[in-house]
Amino acid sequence: RQASEGSVSIYVAYTYASLFSSLVGYASSRGVQELYDVSPTLILEWMHPPTERGEPPANSTRLNRRSVARQFFATAQKRG
């Protein structure tokens, strides 16, 4: 919706959708089936996974993931 209204770029909307899908996949792989089962530890593990070379993720990756998690939970809270 925001991309069609012009408040965010298509690229940002695509990135958020991709990262949200990644979060859902990560949570599902850890056995999470309900939103209330998501813990802060799970979010931190998803935000800070090492790269294929064992290095910490780039700051931009980590910050984008944090932003997606915050927006998701803010939206979930508003929708009840």
Side-chain angles (χ1 to χ4, degrees):
R1 179 183 63 119
Q2 290 176 324
S4 66
E5 294 172 356
S7 60
V8 298
S9 73
I10 294 293
Y11 174 76
V12 169
Y14 175 79
T15 300
Y16 268 49
S18 177
L19 286 172
F20 176 70
S21 180
S22 169
L23 173 57
V24 170
Y26 184 81
S28 294
S29 76
R30 298 297 188 266
V32 172
Q33 296 181 353
E34 300 291 336
L35 181 59
Y36 55 79
D37 291 330
V38 176
S39 68
T41 300
L42 183 128
I43 296 296
L44 289 173
E45 289 171 354
W46 173 71
M47 283 176 48
H48 299 280
T51 65
E52 292 176 1
R53 295 184 300 213
E55 299 171 353
N59 281 338
S60 60
T61 299
R62 189 177 47 77
L63 294 174
N64 282 337
R65 288 178 178 178
R66 182 180 71 179
S67 180
V68 165
R70 290 177 72 190
Q71 278 300 121
F72 171 68
F73 286 103
T75 300
Q77 184 178 22
K78 286 180 186 176
R79 295 194 174 246

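Just so we're clear, the structure is a prediction, and the values are computed from it rather than from any experiment. Along the sequence shown, the residues carry numbers beginning at 1. These values consider heavy atoms only, across backbone and side chains, with no hydrogens, waters or symmetry-generated copies.
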Residues that Glu55 engages under salt bridge (charged side-chain N to carboxylate O under 4.0 Å, His left out), provided they are two or more places apart: Arg53
Side-chain (Ser22) to main-chain (Ser18) donor-acceptor, under 3.5 angstrom: no
Minimum-distance pair of heavy atoms, taken over all atoms of Pro57 and Pro49: CD-O, 3.2 Å
pair Ser39-Arg30: side-chain heavy atoms closer than 4.5 Å: no
Pairs involving residues 54-80, ordered by first then second residue, that meet ring pair (Phe, Tyr, Trp, His ring centres under 6.0 Å) (sequence neighbours left out): Phe20-Phe72
Chi angles and distances behind the side chain to side chain contact (heavy atoms under 4.5 Å, CB included) call for Leu23, Ile43: CA-CA 8 Å; Leu23 173 57; Ile43 296 296; 3.7 Å; yes
Backbone of Leu63 reached by a side-chain donor or acceptor of Ser67 within 3.5 Å: no
Single-linkage hydrophobic cluster Leu35~Leu19, side-chain heavy atoms < 4.5 angstrom: yes
Closest approach of Ala27 to Leu42 (non-hydrogen atoms, all atoms of both residues): CB-CD2, 4.0 Å
Side chain to side chain contact (heavy atoms under 4.5 Å, CB included) assessment of Tyr26 paired with Val32: CA-CA 9 Å; Tyr26 184 81; Val32 172; over 6 Å; no
Arg66 side chain to Met47 backbone, donor-acceptor under 3.5 Å: no
Sequence-distant partners of Tyr14, ring pair (Phe, Tyr, Trp, His ring centres under 6.0 Å), two or more places apart: none
